[in-house]
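Everything below concerns the one structure shown next.
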2 protein chains.
Amino acid sequence: MTEFSAPKAIDKSNLFRKGDPDFMTSLARGIEVIRAFSDTKTGVNMSAISERTGLSRAVARRCLYTLSEMGYVRRDLDGYYLEPKILSLSQTYFSSTSLPALAQEHLDHVKESTGESCSLAILDEHETVYIARSAARRIMAVSLGIGSRLPAYCTSLGRVLLAALPPAELDNYFGTIKRKAFTERTRTTQRDLKAIIDKTREQGFTIVDQELEIGLRSLAVPVRNHNGVVVAAMNVGVQASRVSLSDLKRQTLPVLLSASEKLRSQLIC
Amino acid sequence: MTEFSAPKAIDKSNLFRKGDPDFMTSLARGIEVIRAFSDTKTGVNMSAISERTGLSRAVARRCLYTLSEMGYVRRDLDGYYLEPKILSLSQTYFSSTSLPALAQEHLDHVKESTGESCSLAILDEHETVYIARSAARRIMAVSLGIGSRLPAYCTSLGRVLLAALPPAELDNYFGTIKRKAFTERTRTTQRDLKAIIDKTREQGFTIVDQELEIGLRSLAVPVRNHNGVVVAAMNVGVQASRVSLSDLKRQTLPVLLSASEKLRSQLIC
DNA sequence: ACTTATTGTGCGATTATCGTACAAATGTTC
DNA sequence: GAACATTTGTACGATAATCGCACAATAAGT
C-alpha cells in the first residue's frame, strides 16, 4: 500500500477486499450499484441489482437507499431509475479538463463537412473511451455516447492511441488484454496487430475496416498537443456501404487531419 | 470568473447521519469526494479534498485511495485527478434514457440555423440540469456543460419547467428554495415569479433577459412527449449585445418551437 | 539546512455494515 | 378471491470495516 498502484480491472474479488484497511468496501459497492444500471431502459428492481453486482440483497438495498437519499437514484413503480443528478459526477470531470470542450467545435466541423459522426477518445485502462462526440443524423448500428468504452485493439481510435504508447507499455498491453474476434475480419494475433500499429505510427492515421462490426468503417488520427505529445485520437465512422476505403482516405482524411491540427494549436498547456 | 456551481459547503448532516442504519455513510462520503473535484483545472491534493468535503484527512485519504484503486481517480505529481472512467457513471444514465440522444440532432439543427448555443434541460431537485447541448463556436461568458445545474427561478429553462409543475409542487418549490439576485435585473419576489411563470405557461415560451448574468439573454420552450406531457425544456442563449429581444421572439422562437415539435413526435413512449 | 506543509502508518475504540431469518407487501395464477 | 410466488422491508446480534488520533516520514519551500 506504499504507492497507489495502477488501476486494476474491477472484479468481484476487488469489491470484497478483506485485509486492506484503506480500501472502503462500501464505497466500491455503492459505485458498482450505479454501474449496474447500464443498458437498462426500464426500471431496475432491487433483486436485479443484487444479481448484477453480486452483492447480497441487504447490501444492494442499503446502497440503493443511500443513493436515493442523496438524489442519485429514484424509485418508481417499476423499479429504480438513475436521476440526472448522476450527471453531476461526470460534470466534475468536464469542469476539470478542457480538452473535450476545446475539441467540440472541431468535431462539429468534421461532422458538418463530411456528414459523418466524429469522435474524440482517449485510452483508459486499456480501453478506448469517448470523451467528446458529434453524431451524424443517420442512425448508426452502434450507438456510442460519451463515456462509452471499446477495446482498443480492434478500433481505429484505439490503434492510434496504442501507437503512441511507449514500447514497454505496449508490450504490457498485449500481455494483459485478451482479444476476441468481433467479426470474421477482426485481427487478433499480436503479430498482426503490432504490424498494424507500427504502420499507424508511421503514416499518422489508421483505417479499420469492419473489424468491430460488419458494415462499419472507421478512420482515426492522433491529436497532439503543442509539444507534439499525443493526448487523444479523433475519428470518423462511416457505413461501409456508402463510403469506400479510398474515399475515406482521399476525402475524409484531409478534413480529419486539418481538424486535429487546428485543435493542436489550442492545446498549449 | 462567474461561478454558478453549487456552494462548496457540504451539508454535514447528510454525510454523518447517525441513527439511520440503512444509510451507508462511507458511500456518501466517497461520492462527495468525487464532487469535490468540481471546477478544479489543476490537480487537487488530499488536504484540499478534506477541506472541501469537511471530511477528516484520514477519511479523505481512504476515499481517494479506494477511488484510485477502482480507476476513477489518478494520482499525479501535483495532486489527484479524475480519470475518464468517471464518465462511465454518467454513461449509465445515457444508456438508460433515450431523450438526450433523440434530442441531439434537433439541438444541432437549432444551433446551425441560429448560430447560437442550444440546450436541453430537465428539473432535478429544484434545479435546472442540462442533459444535452449543442454549443456555438463563440466563447460564452458562461460555459455550461452536460450535468451543469442552475437555479430554476432565474433561467428560461427553469421557468418553462416550473410552469409545467402541478400547482402544489410549484408552491412547494417556492416554499423551499431561497432566491437571490444574480444581477440587478433578477426577479426574486414570489409574486413576480409566479406571474412570469403563469405567462410562460400561457404563451408557451419565455424569455429571460440578463437576470442570470448581464449580457446574457435566453429563450426557452417546453418539450412535450407524444401525450402532451412536458418532459424537458429547450433553450437558446444569446449575447444581449448581438440579439435583441424582438429578434429573439421573431426569428429564434419559430426555430425553437419547430425543433421542439419535431422532437415531440419522436417521444412516443 | 532549517522550517513548514503535506502525506503515510499503526492501532485501539467504536460503530457502521453485514447477513440471516422472518414479516410484510406486492403481484400472479387459476 | 384464495393460494402461491416474488419482491421488498425489518430486526438484531456478530464482526470486521471504518474511524480518528498521534506520530513518522516525506516533500516543499526559504
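Each chain gets a letter, A, B and so on, in the order its sequence line appears, and its residues count up from 1.
- Checking A:Asn45 against A:Leu27, the closest nucleotide of DNA chain D that is more toward the 5' end is the one next to A:Asn45.
- Summarising the geometry, the separation between OH on B:Tyr65 and P on D:dT18 is reported as 12 Å, rounded to the nearest angstrom.
- Atoms CG (B:Leu77) and P (D:dG29) sit 12 Å apart, rounded to a whole Å.
- Between A:Arg264 and A:Glu261 there is a salt bridge, with a side-chain nitrogen of the basic residue lying less than 4.0 Å from a carboxylate oxygen of the acidic one.
- If you find the closest nucleotide of DNA chain D to A:Tyr80 and to B:Ser26, the one lying nearer the 5' end belongs to A:Tyr80.
- Rounded to whole Å, the distance from CE on A:Met24 to P on C:dT15 is 17 Å.
- At C:dG8, one or more side-chain N or O atoms of B:Arg75 fall inside 4.0 Å of OP1 or OP2 (strictly under the cut-off).
- No salt bridge links B:Asp124 with A:Arg74; every basic N to acidic carboxylate O contact stays at or beyond 4.0 Å.
- Here the OH-CG distance, from B:Tyr72 to A:Leu89, works out to 10.5 Å after rounding to the nearest 0.5 Å.
- For B:Arg62 and D:dT18, the shortest distance from a side-chain N or O to OP1 or OP2 is not below 4.0 Å.
- Side chain of A:Pro21, nearest nucleotide from C:dG19, D:dT10, D:dT18: D:dT18.
- Nearest to the side chain of B:Val59, among C:dG8, D:dC19, D:dC21, sits D:dC19.
- Between the CG atom of A:Asp22 and the C1' atom of C:dT7 there is a distance of 12 Å, rounded to whole Å.
- Between the CD1 atom of A:Ile49 and the P atom of D:dG9 there is a distance of 13 Å, given to the nearest Å.
- Note on A:Thr25: a side-chain N or O is less than 4.0 Å away from OP1 or OP2 of D:dT18.
- Side-chain N/O atoms of A:Arg29 include one lying less than 4.0 angstrom from OP1 or OP2 on C:dC18.
- In terms of modelled atom types and a separation under 3.5 Å, the side chain of A:Asn225 and the main chain of A:Asn227 share a donor-acceptor contact.
- Residues B:Gln91 and A:Ser148 have side chains that bring a donor and an acceptor to within less than 3.5 angstrom of each other.
- The phosphate of D:dC19 (OP1 or OP2) has no side-chain N or O of B:Ser56 nearer than 4.0 angstrom.
- Remark: C1' of C:dC18 and CZ of A:Arg57 are 14 Å apart, rounded to the nearest angstrom.
- Between the C1' atom of C:dT7 and the CG atom of B:Leu64 lies a distance of 11 Å, rounded to the nearest Å.
- B:Glu69 has its CD atom 13 Å from the P atom of C:dG8, to the nearest Å.
- Closest to the side chain of B:Met46, out of D:dC19, C:dT7, C:dT17, is C:dT7.
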